[in-house]
Amino acid sequence: MAGSCEGGNEPAGSIKGISPPASETVASISEETARIPGEPAGIPSEPARIPADYELIPELGYYKFHTSLKTWHEALKVCEEEGGHLAVLNSEREAKALGIFWDRNPKFGDTEQSKWAHVGFHDSYKEGEYVTIFNKTIVESGYATWYGNDPDGGTNQNCGMASRKENLLADESCTYKTGFFCEIELP
């Protein structure tokens with residue numbers, strides 16, 4: 001579990017009183033639209049623990065894109081309450097596969113907020129050392145492709161985000177409110 005980003009001393013998973021609003025907009029992806037060209041489409045059996053509004057991306061996992069605006073810690077809590085975690089991008093294939101969510105949600109929040117989504121990495125433990133919520137470096141996790149000049153936030157930007165453009169990684173303030181990706185691993 002990730003440690004605390006700026007804005008408090010509580011561990012990331014210990015935020016109290018946070019629950020997703022009933023009116024939250026959720027986007028999902030179908031197996032057919034997620035299929036990578038040239039790969040066979042399988043019909044997996046879905047485990048009972050997967051919430052109905054999570055969608056399978058074959059061979060990668062189950063995903064949900066929340067367009068409600070949350071801080072990084074609030075997003076982490078929502079994902080955990082749903083039985084998942086903030087999405088951890090483990091490959092370029094996974095990053096590109098999530099692009100369909102962006103296509104389905106061209107705008108949420110203001111223009112700037114619509115360009116970003118929280119994902120599961122941070123540098124809260126040591127400035128400049130980015131780790132996933134599972135305490136693996138992003139290099140060890142398999143995907144460390146940064147947006148533009150990122151990381152560029154110094155100690156003011158400790159939480160991970162992905163850009164609308166190809167889900168490239170960026171660092172931002174943990175208190176920045178935007179949409180977010182949740183993930184449930186394949187069994």
Side-chain angles (χ1 to χ4, degrees), residues 2-8 12 15 18 20-21 23-29 34 53-55 57 60-61 63-80 82 84-124 127-134 137-139 141-183:
S4 175
C5 287
E6 75 264 354
I15 294 176
I18 304 296
S23 63
E24 181 169 307
T25 303
V26 176
S28 60
I29 184 170
D53 52 358
Y54 274 70
E55 293 289 334
I57 296 180
L60 293 174
Y63 299 87
K64 181 176 174 180
F65 184 50
H66 290 263
T67 58
S68 61
L69 307 179
K70 302 285 186 194
T71 68
W72 191 88
H73 285 105
E74 290 169 343
L76 180 71
K77 181 74 171 169
V78 169
C79 293
E80 289 173 351
E82 294 176 351
H85 57 79
L86 271 174
V88 174
L89 302 178
N90 296 301
S91 67
E92 183 177 352
R93 178 177 179 253
E94 183 175 21
K96 286 182 178 182
L98 295 181
I100 191 75
F101 288 107
W102 292 112
D103 295 343
R104 290 182 178 177
N105 294 279
K107 180 144 171 60
F108 58 92
D110 66 28
T111 301
E112 191 61 27
Q113 289 165 321
S114 291
K115 295 179 183 178
W116 303 100
H118 294 298
V119 292
F121 74 93
H122 63 89
D123 74 338
S124 298
E127 181 59 34
E129 289 186 12
Y130 292 91
V131 296
T132 70
I133 55 174
F134 303 115
T137 69
I138 60 171
V139 171
S141 75
Y143 187 73
T145 306
W146 292 93
Y147 177 85
N149 293 324
D150 276 274
D152 64 356
T155 59
N156 294 322
Q157 297 182 352
N158 292 328
C159 288
M161 296 179 57
S163 69
R164 176 177 289 276
K165 183 179 179 176
E166 300 178 22
N167 281 315
L168 300 174
L169 304 179
D171 59 341
E172 182 55 76
S173 168
C174 297
T175 60
Y176 183 78
K177 290 190 173 192
T178 193
F180 55 100
F181 286 101
C182 293
E183 175 182 6

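Because the structure is a prediction, the values reported are computed rather than measured. Scope of the values below: all heavy atoms of this structure, side chains included, with no hydrogens, waters or symmetry mates.
- Between W102 and A162, the shortest heavy-atom contact is CZ2-O, 3.9 Å.
- Proximity of H73 to C174: side-chain heavy atoms (C-beta onward) are separated by under 4.5 Å at one or more points.
- Proximity of a side-chain donor or acceptor of D123 to a complementary backbone N or O of G128 within less than 3.5 Å is detected.
- With hydrogens and angles disregarded, no donor-acceptor distance shorter than 3.5 Å links the side chain of W72 to the backbone of K177.
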Check the pair M161 / L169 against side chain to side chain contact (heavy atoms under 4.5 Å, CB included), numbers first and verdict last.
CA-CA 6 Å; M161 296 179 57; L169 304 179; over 6 Å; no

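- A distance of 8.0 Å separates CG in L60 from CG in L98, rounded to the nearest 0.5 Å.
- The minimum heavy-atom distance linking A87 with V119 is given by the pair O-CB, 3.4 Å.
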List the steps and the verdict of side chain to side chain contact (heavy atoms under 4.5 Å, CB included) for Y130 and D171.
CA-CA 9 Å; Y130 292 91; D171 59 341; 3.1 Å; yes

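- Within the 3.5 Å criterion, the main-chain N or O of L168 finds a donor-acceptor partner in the side chain of S163.
- Note that CD of E172 and CG of D152 are 8.5 Å apart. Values are rounded to the nearest 0.5 Å.
- A distance-only check finds no donor-acceptor pair linking the side chain of T67 to the backbone of G179 [under 3.5 Å].
- When each of Y63, F101, W116 is tested with F181 by the rule ring pair (Phe, Tyr, Trp, His ring centres under 6.0 Å), just one qualifies, namely F101.
- No donor-acceptor distance shorter than 3.5 angstrom exists from the side chain of E82 to the backbone of C79, with no hydrogens or angles considered.
- Listed by first and then second residue, the salt bridge (charged side-chain N to carboxylate O under 4.0 Å, His left out) pairs that reach into residues 94-103 are E92-K96, sequence neighbours excluded.
- Contact check on K77 versus E74 returns no salt bridge, with no Lys/Arg side-chain nitrogen under 4.0 Å from an Asp/Glu carboxylate oxygen.
- Across every non-hydrogen atom of P106 and S114, the tightest pair is O-CB, 4.1 Å.
- The structure places CG of N105 at 5.5 Å from CZ of F65, a figure rounded to the nearest 0.5 Å.
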Before you tell me yes or no, could you show the steps for I100 and I57 under side chain to side chain contact (heavy atoms under 4.5 Å, CB included), namely the whole-Å CA-CA distance, both residues' side-chain angles and the distance that decides it to 0.1 Å?
CA-CA 11 Å; I100 191 75; I57 296 180; 5.7 Å; no

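- Checked against F121 for a side-chain contact (heavy atoms from CB on, under 4.5 Å), the options L86, V88, I133, I138 give a single hit: I138.
- Rounding to the nearest 0.5 angstrom, the gap separating the NZ atom in K107 from the NZ atom in K115 is 10.0 Å.
- The closest donor-acceptor contact from the side chain of H118 to the backbone of Y176 lies under 3.5 Å.
- To the nearest 0.5 Å, the span separating OG1 on T175 from NZ on K70 amounts to 14.5 Å.
- The main-chain N or O of E127 is never found under 3.5 Å from a side-chain atom of N158 such that the two would form a donor-acceptor pair.
- Environment of OH in Y143: crowded, with over 12 heavy atoms of neighbouring residues, nucleotides or ligands closer than 6.0 Å.
- Within 6.0 Å of CG on N149 lie no more than 12 heavy atoms contributed by other residues, nucleotides or ligands.
- Without hydrogens or angle criteria, D150 side chain to A170 main chain gives no donor-acceptor distance under 3.5 Å.
- Here L69 contributes atom CG and F108 contributes atom CZ; the two are 7.0 Å apart, rounded to the nearest 0.5 Å.
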